[in-house]
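Some notes on the structure that comes next.
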Amino acid sequence: MKSSKIKITATLFAAACMFAGCGDAFYELTPEEENAVVSYASGVVSKYNTFQQDGEVFVMQETLDGETETKEEPKQEESSEEEPKQQEKTSDVQAKPDGTEGEKLLSPDQLENTADTVSLGEALKLEGIQADCTGNSLCTTYEKSDSYVVDAAAGSQILVLDISLKNQTGQDAHVDILKMKPSFRIIVNETETAAAQMTILPNDLSTYQGDIPAGAAEEMALLFQIPQDIQEISSLQLKVVIDDTAYMVNL
């Protein structure tokens, strides 16, 4: 309560000084009143001073004069290094462990282009088994059994290549062409090519596994889808690739 009275007295005194006439004598404060004014003024300054927690702060003379020091940021040096060159194309030559060049790795097309012309039996490497192409035909649906039928896609037809495997030995022969993993591609009229379809037909040559009795023969087939506008076949060539070795068979 006492503090509030002192503050009110100081405020009234300040107002009296502001509105008093110039000719009046200046009011002299008693020590008690002077202490009250100083206490009130310091309280107001402390209330609105946002840097009160910093305490005393040293300020350089240049700052007081309005001059501020600015640090110049160092310029980044321009890189003079050239962009790395593009990597060279991977060579198709396989390196040996000792660092020397090995044999060239050939793609399937390159293998086919380097194919030797042989008979179908030589290409399949079936000992004691004679393999011959016995004919070909065109159809839109191939049906070998009641449970499995192969239909041609729209705009295509099926070229059926009939192949006979004959056991020429005096004992039964086991044939496992599926294990050999062969690939077959037909060339029709020296222009159109097509890969053989892999089916689950029991007579599909590319997946055949079975025993052929002595002196007997098994009738196999390979199916290819070719454009439907091919109405006449003038020539056929069969490319066979087994164990990275390519062969050409003229049919």
Euclidean distance, [Y] [atom2] relative to [X] [atom1], rounded to 0.5 Å:
{"X": "Thr117", "Y": "Glu122", "atom1": "OG1", "atom2": "CD", "result": "10.5 Å"}
{"X": "Ile226", "Y": "Glu192", "atom1": "CD1", "atom2": "CD", "result": "7.5 Å"}
{"X": "Asp204", "Y": "Leu222", "atom1": "CG", "atom2": "CG", "result": "6.5 Å"}
{"X": "Ile230", "Y": "Leu159", "atom1": "CD1", "atom2": "CG", "result": "8.5 Å"}
{"X": "Leu205", "Y": "Leu124", "atom1": "CG", "atom2": "CG", "result": "6.0 Å"}
{"X": "Lys239", "Y": "Phe184", "atom1": "NZ", "atom2": "CZ", "result": "14.5 Å"}

Which pair of non-hydrogen atoms, one from [X] and one from [Y], has the smallest distance, and what is that distance?
{"X": "Ala123", "Y": "Val249", "result": "CB-CG2, 4.3 Å"}
{"X": "Tyr142", "Y": "Ala221", "result": "OH-CB, 3.9 Å"}
{"X": "Gln231", "Y": "Leu138", "result": "O-CD1, 4.4 Å"}
{"X": "Ala152", "Y": "Ser156", "result": "CB-O, 3.4 Å"}
{"X": "Pro182", "Y": "Ser206", "result": "CD-O, 4.3 Å"}

Decide whether [X] and [Y] are clustered together by the hydrophobic rule: side chain heavy atoms of Ile, Leu, Val, Met, Phe, Trp, Tyr closer than 4.5 Å, transitively.
{"X": "Leu165", "Y": "Leu201", "answer": "no"}
{"X": "Val160", "Y": "Leu238", "answer": "no"}
{"X": "Ile200", "Y": "Ile158", "answer": "yes"}
{"X": "Ile163", "Y": "Met180", "answer": "yes"}

Derivation of the side chain to side chain contact (heavy atoms under 4.5 Å, CB included) call for Tyr208 and Glu218: CA-CA 10 Å; Tyr208 178 72; Glu218 289 286 345; 3.7 Å; yes
Do [X] and [Y] meet the criterion of a side-chain donor-acceptor pair at a distance under 3.5 Å?
{"X": "Asp151", "Y": "Thr141", "result": "yes"}
{"X": "Asn167", "Y": "Thr169", "result": "yes"}
{"X": "Gln130", "Y": "Asp132", "result": "yes"}
{"X": "Gln228", "Y": "Gln157", "result": "no"}

Can you list the residues that meet the side chain to side chain contact (heavy atoms under 4.5 Å, CB included) rule with [X], with sequence neighbours excluded?
{"X": "Gln197", "answer": "Val150, Thr199, Leu223, Gln225"}
{"X": "Asp176", "answer": "His174, Leu178, Lys179, Gln209"}
{"X": "Thr191", "answer": "Asn189"}

Side chain to side chain contact (heavy atoms under 4.5 Å, CB included) between Gln237 and Ile186, worked out: CA-CA 6 Å; Gln237 290 178 302; Ile186 198 73; over 6 Å; no
So, does Asp172 use its side chain to make a donor-acceptor pair with the main chain of Ala214 at under 3.5 Å?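 Present.
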Please tell me if the side chains of [X] and [Y] come closer than 4.5 Å, counting only heavy atoms from C-beta onward.
{"X": "Leu236", "Y": "Asn136", "answer": "yes"}
{"X": "Cys133", "Y": "Leu161", "answer": "yes"}
{"X": "Asp211", "Y": "Val175", "answer": "no"}

